[in-house]
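A short write-up of the structure that comes next.
Residue numbering restarts at 1 for every chain, and letters A, B, ... go by the order of the sequence lines. This structure is a prediction, so every number in the text was calculated from the model and none was measured. All values below were derived from every heavy atom in this structure, side-chain atoms included, with hydrogens, water molecules and symmetry-related copies excluded.
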Protein chains: 2
Amino acid sequence: MLRNGGGHTAGPTTSSSSSYAARGEACFQRMDKCNAEVLALLYGATVRQLLVDFEGDFDKVNKELYRMGTDIGARLVDEFLIKSRAPPCQDFRDACEVMSKVALKMYLGVTGDCVDWDNSTEGRKCRLVLPVNPLNDFVELPMELRRPASTTAAAGGTDHPGPILYYSNILCGVIAGAMEQLRINVAVQFESDVLLGDEISVISLELLEIITDDIHEDSDSDAE
Amino acid sequence: MLRNGGGHTAGPTTSSSSSYAARGEACFQRMDKCNAEVLALLYGATVRQLLVDFEGDFDKVNKELYRMGTDIGARLVDEFLIKSRAPPCQDFRDACEVMSKVALKMYLGVTGDCVDWDNSTEGRKCRLVLPVNPLNDFVELPMELRRPASTTAAAGGTDHPGPILYYSNILCGVIAGAMEQLRINVAVQFESDVLLGDEISVISLELLEIITDDIHEDSDSDAE
């Protein structure tokens with residue numbers, strides 16, 4: 001499923017990855033469904049509405065889409081844990097696998113690939129490659145928003161002159177909102193998007209903090 | 001599927017109605033799908049956004065949802081005609097059957113029932129009963145918006161004091177927009193909604209005009 005090119009290394013499929021994929025598929029089959037085009041068109045209408053509201057200020061639209069996403073992610077995650085019957089995640093990498101293979105499949109009908117794990121940060125950073133993004137259906141952004149090939153993020157370029165609309169930025173919000181609900185604080189942002197002329201759509205993920213409450217400590221201090 | 005009560009008469013299921021239902025089911029199976037909860041949550045976020053934009057003015061929100069719907073309906077209908085392979089509709093009643101049994105199933109995964117055909121207007125008016133509305137999932141409107149049982153539209157009451165939010169009004173826009181694209185002008189509006197405390201969700205449909213171009217006549221007049 002991972003497209004060639006773009007400098008990403010997917011690495012071999014792990015057994016947990018393929019078992020997550022099977023779980024995602026099984027969960028997706030069980031869920032109530034609607035047509036993906038309706039979702040795409042409704043999402044398009046929402047983005048258009050925000051572009052009107054914020055008078056074409058892409059940064060504000062990106063932020064608002066992200067905010068809407070965090071609400072949705074926070075809302076979905078409890079139900080996801082119940083319906084997916086996924087075992088507790090072992091670490092951030094495991095959480096990313098569950099997100100990309102089970103949750104994305106369960107809710108959007110597609111899977112992503114977490115690649116390019118950054119070993120220098122002990123696996124706190126990776127890229128989520130989205131071979132298919134159903135929100136993009138029917139969407140074509142104006143040419144002036146597209147990045148020339150030489151400056152695509154995949155090629156390491158960052159010299160796009162204008163502000164950028166990350167059309168599907170709600171997805172970053174959903175991922176961040178769901179993880180935050182699990183007390184995993186993650187920085188999530190689009191790195192490239194086929195709608196902008198990039199070769200592949202990539203979301204970068206960086207673990208900021210895993211919040212652990214030591215409840216026993218609190219109880220002890222209460223008892224003192 | 002039609003709930004009892006509410007004074008609606010569904011009439012016997014016609015053979016065309018059941019064949020449309022089978023066609024709707026077959027089409028739905030073929031379509032790309034996503035999770036219905038995602039659609040419901042995204043729609044909820046959109047309605048919330050509009051409530052903020054229009055500072056809680058329900059009439060404006062209803063109108064904007066309707067307008068968004070007409071865009072979506074106009075967009076969906078061409079593709080619907082190709083993918084549903086539905087034969088040309090014979091009349092308005094037939095068009096309503098196709099809409100409620102094939103199109104609603106194909107795009108939302110549910111079917112509606114067109115009932116209460118008004119014979120005094122030669123079948124130009126009916127009610128579309130929606131036993132299930134996936135956009136309503138997770139939604140609860142504040143109590144002050146609900147109509148007391150004695151004034152529900154189903155009981156003929158109209159004395160609800162305040163302005164009304166028709167939460168799923170986008171559906172009316174989608175139906176009107178799709179039919180308008182087929183040159184069938186229809187007045188479409190919510191009559192009752194379970195979210196408002198009504199017993200059933202009902203959308204009223206009234207045929208205003210079927211626009212027919214007599215191309216030959218035009219050609220004749222050009223030739224004169």
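- Taking B/V110, B/L50, B/D137, B/L42 one by one and counting their heavy-atom pairs under 4.5 Å with chain A, the maximum is reached by B/L42.
- For B/D32, the CG atom sits in a loose shell: 12 or fewer heavy atoms of surrounding residues, nucleotides or ligands are nearer than 6.0 Å.
- Within the model, atoms CD1 of B/I72 and CZ of A/F138 stand 10.5 Å from one another, a figure rounded to the nearest 0.5 Å.
- Remark: B/C34 SG to A/L39 CG distance equals 4.0 Å, nearest 0.5 Å.
- Residue A/D53 touches chain B through its side chain alone, counting heavy-atom pairs closer than 4.5 Å.
- If you measure heavy-atom distances from A/R30 to chain B, you find no contacts under 4.5 Å at all.
- Going from atom CG of A/D71 over to atom CG of B/L41 covers 9.5 Å, rounded to the nearest 0.5 Å.
- B/Q29 CD: more than 12 foreign heavy atoms inside a 6.0 Å radius.
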Chi angles and distances behind the side-chain contact (heavy atoms from CB on, under 4.5 Å) call for A/M106, B/E37: CA-CA 10 Å; A/M106 199 162 149; B/E37 288 165 23; over 6 Å; no
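- Proximity of A/Q49 to B/T46: side-chain heavy atoms (C-beta onward) are nowhere separated by under 4.5 Å.
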